[in-house]
Amino acid sequence: MDDCPKDICAVTDSSTEGVPSSQPPSDPNGTTQRSPEELVARAIAPVKREFLRPPPSSRTTQNNPASDANVKQPQANVVQEKKSKRQLKRERRQEQKSPLNLCPEIAKTGDVNACSYKDKCRFSHDIEAFMAQKPADLEGDCPFIKADAPCPYGLACRFAGTHKDNAPAATSNLLKKSSEVNGLSKDVQKLLWKNKMRFTKADAVVKSLGLAGPNWKVKKLVDKEEDEVGLDGSHAANETNSKKVVDDSVDCSECPSTFPAAVNAEEACETDELRPLKKAKLVVDEKCSDEGEDATVLEKDNEKNSAETEPADNVLAEPDGSPKICNLKDATVLEKYNEKKSAETEPADDVHAEPDKSLKLHPREKMLIDFREKLYLAPLTTVGNLPFRRVCKTLGADVTCGEMAMCTNLLQGQASEWALLRRHSSEDLFGVQICGAYPDTIARTVELIEKECTVDFIDINMGCPIDIVVDKGAGSFLLTKPLRMKGIIQAASGTVDKPITVKVRTGYFGGKNRIDSLIADIGSWGATAVTIHGRSRQQRYSKLADWDYIYQCAQKAPGTLQVLGNGDIFSYLDWNNRKTYCPELSTCMIARGALIKPWLFTEIKEQRHWDISSQERLSILKDYVRFGLEHWGSDKKGVETTRHFLLEWLSYACRYIPVGLLDVIPQRLNWRPPSYYGRDDLETLMASDSAADWIRISEMLLGKVPDGFTFAPKHKSNAYDREENG
């Protein structure tokens, strides 16, 4: 991958061809006639006049590659008929049987007899037909060539011509296994699929907090009344009423300030009279109406914890044929999992014998992470994947966090959601971010993550503004439910020993900030750090972040709670100013600034404006492609997956304006870049906001796109100020 393709060399050899010999014509809007100060006041990037050019005539259509498809869509809808699930499944199987999809085992070894499924295999076994239709190999070396093992994709690899044939086949996945962790094992996935996984700690803590069982209905009504008071009243009234409601509705004996051990909580719960199973199911369903499966598992676990102290193996051994008893296959899966996790799945009697080992720590006694002065890469949906985080680590990031994962999807064993938790060996300080709507769901998720993953902290998202998340009662919707926020943080911190951090926004509605009234309580609930994004949910990404309010919250926070600021960090001067104005801030989280220029971490550490060249930027893209092929694979599917996420990143990276082209530095995050020439043709190409040019850049690194390929950015963030926003 280190070799420079011919078309890249042809683009970069002419270093000055992109610069016009004479001054370009004025912009139709008269932009070139304004002074730099006037442009900055209008949030337009003050590019030097000798580099300005008229905007492309087809800019609108180029910007929206899906526009043509949308125009033709009504006609297509008339012709196309809705296919049934059975028909779609049949088509998928036929596609798998096509010569384009060679069996992975045969592709790895080159032997037709290597597949153990023989004729029952879902994939094709015709090597000759596959090789006849396989696209030409890409330029460069296979990303797995450095390992002392063959490429795990064998004949299907798009770099098959560079493979070594003398390595043993038994260690073909050595490179990937040694560099990435936090994968989902098949045994755990099967247990999650069949709702057989037990969450003893989480269920006990949730019940001890009064968030499940007879008192939950009363607490739910009190929560609703308190939230209505908090939304209508002032901050002071909200804080007073919140404390009053909590004091009236929560018994100190049921919710002690120090979280009890899971076993102690079970002992306390055993003395309570359990309601009939059907009645308990109704209550749990009211609490989590969209999580019926989780409620069923909770009922089974509560029944087992209260009525039995026998291990799970004895339950499986009952021969009465009851539908509640697992079959032999399920028993085998559970037996394997219990052997692997024997320490976590000991019977209750064994745990009672050693109470000291099960004592939960007070939140202040937990292992803490010192975020002070560390460069923190924010969890970024879609673009903040593992290859991108590796790029940021090489450029100076200290703390990384995985993409936001939904708790319900993790508890259902969805492989695509668990892939968001994967960690590379270079990420020395790594956390995962989860998003959920209810305490029991999040408590079970953090318990599962602590068992199955290697992480340094767990972050709970309470600020996501996306509609599909808010409509489910998660993300920034929780800002309107302070008592539910309390239950979530207490349940999570009481279940695991890992540090729990929280990410919030200033409030739900613009002009109605409320985090300042909760900042003191968030630390007492069990969080070790809170990140405040200086915008409300209603703002999304419009206007500038309110750092004055972040400073206000940081000054009100207790000494045990670390406060991190987030919003519009785009240069080392921004970083320095935020830290200087408010020493109480532990650090600042960097989000979209890293998407546009990931070398921002280097600029902060070296305290300089890096006038990076197009060749240096291309080298960063090459690293990303190499990391992507190692992560997603070097076969056809892996190459196209890498291309897709590369294009998503380029939809942000095109907004970067080189330092040498600006009249005023540094660039601000809300500046709209005008059409301009770069200092060479490659820099001009990288500045284009056309999807066709992004695709051209991807073809330089990953070869030609397949026939009929189209791309439209997934994220259309409203990042720039508009006139209606002031």
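- Across every non-hydrogen atom of Cys121 and Cys103, the tightest pair is SG-SG, 3.8 Å.
- Atom CD in Gln490 sits 6.5 Å away from atom OG in Ser493 (nearest 0.5 Å).
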Margin query: Using side-chain contact (heavy atoms from CB on, under 4.5 Å), reason through Leu702 and Thr642 one step at a time and then give a plain yes or no.
Written below: CA-CA 9 Å; Leu702 293 168; Thr642 303; 4.1 Å; yes
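- Using modelled atom types, no side-chain atom of Glu450 and backbone atom of Val496 make a donor-acceptor pair closer than 3.5 Å.
- A distance of 8.5 Å separates CG of Asn101 from CZ of Phe130, quoted to the nearest 0.5 Å.
- Among all heavy-atom pairs drawn from Ala491 and Val206, the shortest one is CB-CG2, 4.2 Å.
- Contact check for Leu192 versus Gln412: no side-chain heavy atoms found under the 4.5 Å cut-off.
- Applying the ring pair (Phe, Tyr, Trp, His ring centres under 6.0 Å) rule to pairs touching residues 400-425 yields nothing, sequence neighbours excluded.
- One finds no salt bridge joining Arg390 and Glu427 here, because no Lys/Arg side-chain nitrogen approaches an Asp/Glu carboxylate oxygen to under 4.0 Å.
- Closest heavy-atom contact between Leu102 and Ser124: CD1-O, 3.4 Å.
- Ile449 places a side-chain heavy atom less than 4.5 Å from the side chain of Val455.
- Within the 4.5 Å cutoff, no side-chain heavy atoms of Glu452 are placed close to those of Leu421.
- Here the closest non-hydrogen pair linking Ile488 and Ala437 is CD1-O, 4.0 Å.
- The backbone N or O of Gly487 lies less than 3.5 Å from no partner atom in the side chain of Trp525, so there is not a single donor-acceptor pair.
- A heavy-atom distance below 4.5 Å is found between the side chains of Pro152 and Phe144.
- Between Lys498 and Asp459, no side-chain nitrogen of the basic residue sits less than 4.0 Å from a carboxylate oxygen of the acidic one, so the salt-bridge criterion is not met.
- Going from atom CG of Leu191 over to atom OG of Ser185 covers 8.0 Å, rounded to the nearest 0.5 Å.
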Check: Where do Lys472 and Asp467 land on the salt bridge (Lys or Arg N to Asp or Glu O under 4.0 Å) test, with the steps shown first?
Finding: CA-CA 9 Å; Lys472 293 182 178 180; Asp467 293 338; over 6 Å; no
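- With respect to the salt-bridge test (charged N to carboxylate O, under 4.0 angstrom), the residues Arg422 and Glu180 qualify.
- Ion pair Arg444/Asp203 flagged as a salt bridge, since at least one NZ, NE, NH1 or NH2 atom sits closer than 4.0 Å to an Asp/Glu carboxylate oxygen.
- Here the NZ atom belonging to Lys201 is positioned 12.5 Å from the CG atom belonging to Leu448, to the nearest 0.5 angstrom.
- Nearest approach of Pro104 to Phe123, heavy atoms of both residues: CD-CD1, 3.9 Å.
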Next item on the list: Give the intermediate values and the outcome of side-chain contact (heavy atoms from CB on, under 4.5 Å) for residues Met404 and Ile434.
Entry: CA-CA 5 Å; Met404 183 185 73; Ile434 59 175; over 6 Å; no
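- Within the 4.5 Å cutoff, the side chain of Cys453 has no heavy atoms near those of the Val432 side chain.
- The salt bridge (Lys or Arg N to Asp or Glu O under 4.0 Å) test applied to Arg505 returns no partner, not counting sequence neighbours.
- With respect to Asp428 and Lys393, a salt bridge is recorded, a charged nitrogen being found less than 4.0 Å from a carboxylate O.
- The shortest non-hydrogen separation linking Leu478 to Gly473 is CD2-O, 3.5 Å.
- With a 6.0 Å cutoff to the six-membered ring centre and a 45° limit on the axis angle, Arg423 does not count as a cation-pi contact of Phe430.
- Counting heavy atoms of neighbouring residues, nucleotides and ligands inside a 6.0 Å radius, atom NZ of Lys120 does not exceed 12 of them.
- Remark: Arg389 CZ to Tyr624 OH distance equals 10.5 Å, nearest 0.5 Å.
- Leu564 places none of its side-chain heavy atoms less than 4.5 Å from the side chain of Val530.
- Side-chain contact check for Asn385 versus Trp632: some heavy-atom pair is nearer than 4.5 Å.
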Note to self: Applying side chain to side chain donor-acceptor pair (under 3.5 Å) to Glu648 and Thr382, what does each step give before you reach the verdict?
What the structure shows: CA-CA 8 Å; Glu648 291 283 359; Thr382 303; over 6 Å; no
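- Within 6.0 Å of CG on Leu88 lie more than 12 heavy atoms contributed by other residues, nucleotides or ligands.
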Next item on the list: Go through the steps to decide whether Cys401 and Tyr376 satisfy the test side-chain contact (heavy atoms from CB on, under 4.5 Å), and finish with yes or no.
Entry: CA-CA 8 Å; Cys401 188; Tyr376 189 165; 4.0 Å; yes
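- Counting only residues at least two apart or in different chains, ring pair (Phe, Tyr, Trp, His ring centres under 6.0 Å) contacts with residues 443-491 comprise Phe371-Phe457.
- Looking at heavy atoms from C-beta onward, Val502 lies out of side-chain contact with Thr531 at the 4.5 angstrom threshold.
- Taking SG of Cys151 as the start and CZ of Arg158 as the end, the distance is 12.5 Å to the nearest 0.5 Å.
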Notebook entry, point to check: Hey, mind stepping through Leu377 and Val399 against side-chain contact (heavy atoms from CB on, under 4.5 Å) and telling me if it holds?
Noted result: CA-CA 6 Å; Leu377 173 65; Val399 185; over 6 Å; no
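- In terms of modelled atom types and a separation under 3.5 Å, the side chain of Asn566 and the main chain of Met589 share a donor-acceptor contact.
- Atom OH of Tyr117 sits in a sparse spot, with 12 or fewer heavy atoms from other residues, nucleotides or ligands closer than 6.0 Å.
- Although no hydrogens or angles enter the test, the distance criterion places no donor-acceptor pair under 3.5 Å between the side chain of Gln189 and the main chain of Leu184.
- Ion pairing of Lys636 with Glu640 is absent here, as no side-chain N (NZ or NE/NH1/NH2) approaches a carboxylate O to less than 4.0 Å.
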